[in-house]
Chemist: 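Right, I'll just put the structure down here and ask away after.
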Amino acid sequence: NIEKAKGYYAVTLPEMKIVDADESVTTIGMIAINASPTEKPKNWKMAVALPMPIVTNDKQGEKINQIDIGKQQFIGIYDEDIKNFSKLAVSYDDVKFSNYTDNVIIDTKNMSIISDLQVANKTLSGPTDIVLKNITLADTDTNKITTIKEIEMVAEYDGLDIISLVQNNYNFDLKKLGGIKFKGEVKDIESDFKLSKIEFEYDGEKPKNGISDQKVKIKYDGLKSINKNQNMVEFIPTDMNLNFDFNKLPIEQLIKLGQMKNSSEKTPSAAMNMLQIMTSLPIKMTNAGTNIQIDNFDFRNEMYSIITRGNLKADAESPLMMIGNIDLETTGLDKTETALNAKLPNASKQERSAIQQAINKINFVQSKCAGKNGSYKCNLVANKEGKIMLNKTEITMMEALQLIK
């Protein structure tokens, strides 16, 4: 229903029912929209109010989940070209999701979305910032509660055809394959453990001639277990830092491979095309100079530290399809081995298996790497001949995997 008012249109959408494959039904009441034209054609300023609650019932009519929002403010610019909002200013207070099947309740005191995107040739550029504050996850069966002070996620697009990417399952125009940066931060998590902060970061550069650099970072610090009686808790890393640079990736070839894998066409010719791309990929990666830089692969706690650095480069002439080196440095392995051996007598069958695997890895480092008293340095090299050398001694692929897993 659309009613013309002074300077805007009052729009009321009909009640909707979404029927899932399991015959559950989600009922969404009448959404209210105030839409005003802007100076830019095909752009509308909109204020949107969602009806509350939004309820899902199973096929027998029993309620299985419900969404409630206490206070809501939704203002945005709707762009007809992308059939979505290019700009948003959203604030929801007291957001509550109740799952009556698993008896879980998730509360968020405030959720805000700020988006300022520019549209050009149906691609998007610009930032979107999402913040959730004071989150509580409660299991009503066990009375277990997890709290999170804040989650912040920032995404920035650079000429990205994200609409086609989401809607068409990788079937998008490769010429519109832009760049994207994503950064997430979770603060003050408390459950059976406490974690002061965890960070995620992804930087996907806009491709140039089908080649792109990609960076991935994951980091946390200050992990502490509240339940000191929990077995094996002293071996958990309190700090972790992972940082990988995937340089000069032939991203266009990888996207085409994904398109073929997700294609509904299952003909012999399609399978041959996919095989051809897969077999040619090592050569294209070699020609592009594709390499993986391990800037950080680090785990620490009060007992030990494991620090890994390295670089691996695509090489189609090598039987391993790559060359490079990895350096691993450890401290505290002697203390860790002593503590693990002390756990063995009272460990469960499953725990004994995990403990023995850890001890075997420590013994492997002790026997193959340079050092003593828990501090060791390991240099792993993969050469053009397909040989893997550990501190200048040849080892098997299985032994190399045992070292770095």
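Keep in mind that this is a model prediction, so the values were computed, not measured.
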Chemist: Between Asn247 and Asn291, does any side-chain donor sit less than 3.5 Å from a side-chain acceptor?
Modeler: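 Indeed, the side chains of Asn247 and Asn291 share at least one donor-acceptor pair under 3.5 Å.
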Chemist: Test Glu150 against Lys187 for salt bridge (charged side-chain N to carboxylate O under 4.0 Å, His left out), laying out the working first.
Modeler: CA-CA 5 Å; Glu150 183 176 284; Lys187 297 178 182 178; 3.8 Å; yes
Chemist: Using a strict threshold of under 4.0 Å (side-chain N to carboxylate O), is an ion pair present between Glu185 and Lys183?
Modeler: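 Judged by the 4.0 Å cut-off on N to carboxylate O distance, Lys183 and Glu185 do not form a salt bridge.
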Chemist: Looking at Asp102 and Asp139, what are the two nearest heavy atoms and their distance?
Modeler: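 In this case the closest contact between Asp102 and Asp139 is O-OD1, 4.5 Å.
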Chemist: Just say parallel, tilted or perpendicular for the rings of Phe244 and Phe246, cut-offs at 30° and 60°.
Modeler: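 Ring orientation, 0 to 90° scale: parallel.
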Chemist: Check side-chain contact (heavy atoms from CB on, under 4.5 Å) between Ala347 and all other residues, then give those that pass, not counting sequence neighbours.
Modeler: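 Partners of Ala347 by the side-chain contact (heavy atoms from CB on, under 4.5 Å) criterion, ordered by chain and then number, come out as Glu351, Arg352, Ile355.
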Chemist: Does any non-hydrogen side-chain atom of Asn311 lie less than 4.5 Å from one of Ile292?
Modeler: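 Result no, sub-4.5 Å side-chain heavy-atom pair not found.
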Chemist: With sequence neighbours excluded, give me every salt bridge (charged side-chain N to carboxylate O under 4.0 Å, His left out) pair touching residues 196-206.
Modeler: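 Found Lys197-Glu199.
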Chemist: Just checking, is any N or O donor in the side chain of Asn296 or Asp298 under 3.5 Å from an acceptor N or O on the other one?
Modeler: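 There is such a pair (donor and acceptor under 3.5 Å, judged by atom type) between the side chains of Asn296 and Asp298.
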Chemist: Please check this pair: side chain of Thr123 against backbone of Ala120, looking for a donor-acceptor N/O pair closer than 3.5 Å.
Modeler: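 Between the backbone of Ala120 and the side chain of Thr123 there is a qualifying donor-acceptor contact (under 3.5 Å).
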Chemist: With sequence neighbours left out, which residue pairs that include part of residues 83-110 fulfil the ring pair (Phe, Tyr, Trp, His ring centres under 6.0 Å) condition?
Modeler: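 Found Phe74-Phe85, Tyr78-Phe85.
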Chemist: Side chains of Ser24 and Asn57: does their closest heavy-atom pair fall under 4.5 Å?
Modeler: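 In short, these two side chains do not touch, never coming nearer than 4.5 Å.
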Chemist: Is there side-chain contact between Ile211 and Pro250, with at least one heavy-atom pair below 4.5 Å?
Modeler: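 Ile211 reaches Pro250 side chain to side chain.
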Chemist: Under a 4.5 Å cut-off applied to non-hydrogen side-chain atoms, are Thr330 and Tyr304 in contact?
Modeler: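 Result no, sub-4.5 Å side-chain heavy-atom pair not found.
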Chemist: Could you give the side-chain donor-acceptor pairs of residues 128-135 under 3.5 Å, partners two or more places apart or in another chain?
Modeler:
| unit_1 | atom_1 | unit_2 | atom_2 | d |
| --- | --- | --- | --- | --- |
| Thr128 | OG1 | Ser115 | OG | 2.8 |

Chemist: Hey, does Ile145 have a side-chain heavy atom less than 4.5 Å from the side chain of Thr136?
Modeler: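 Yes, at least one pair of side-chain atoms sits under 4.5 Å.
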Chemist: Under the salt bridge (charged side-chain N to carboxylate O under 4.0 Å, His left out) rule, collect the residues that match up with Asp315, sequence neighbours excluded.
Modeler: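 Expected list: Lys384.
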Chemist: Can you sort out the partners of Asp327 under salt bridge (charged side-chain N to carboxylate O under 4.0 Å, His left out), two or more places apart, ordered by chain and number?
Modeler: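 Salt bridge (charged side-chain N to carboxylate O under 4.0 Å, His left out) list for Asp327, sorted by chain: empty.
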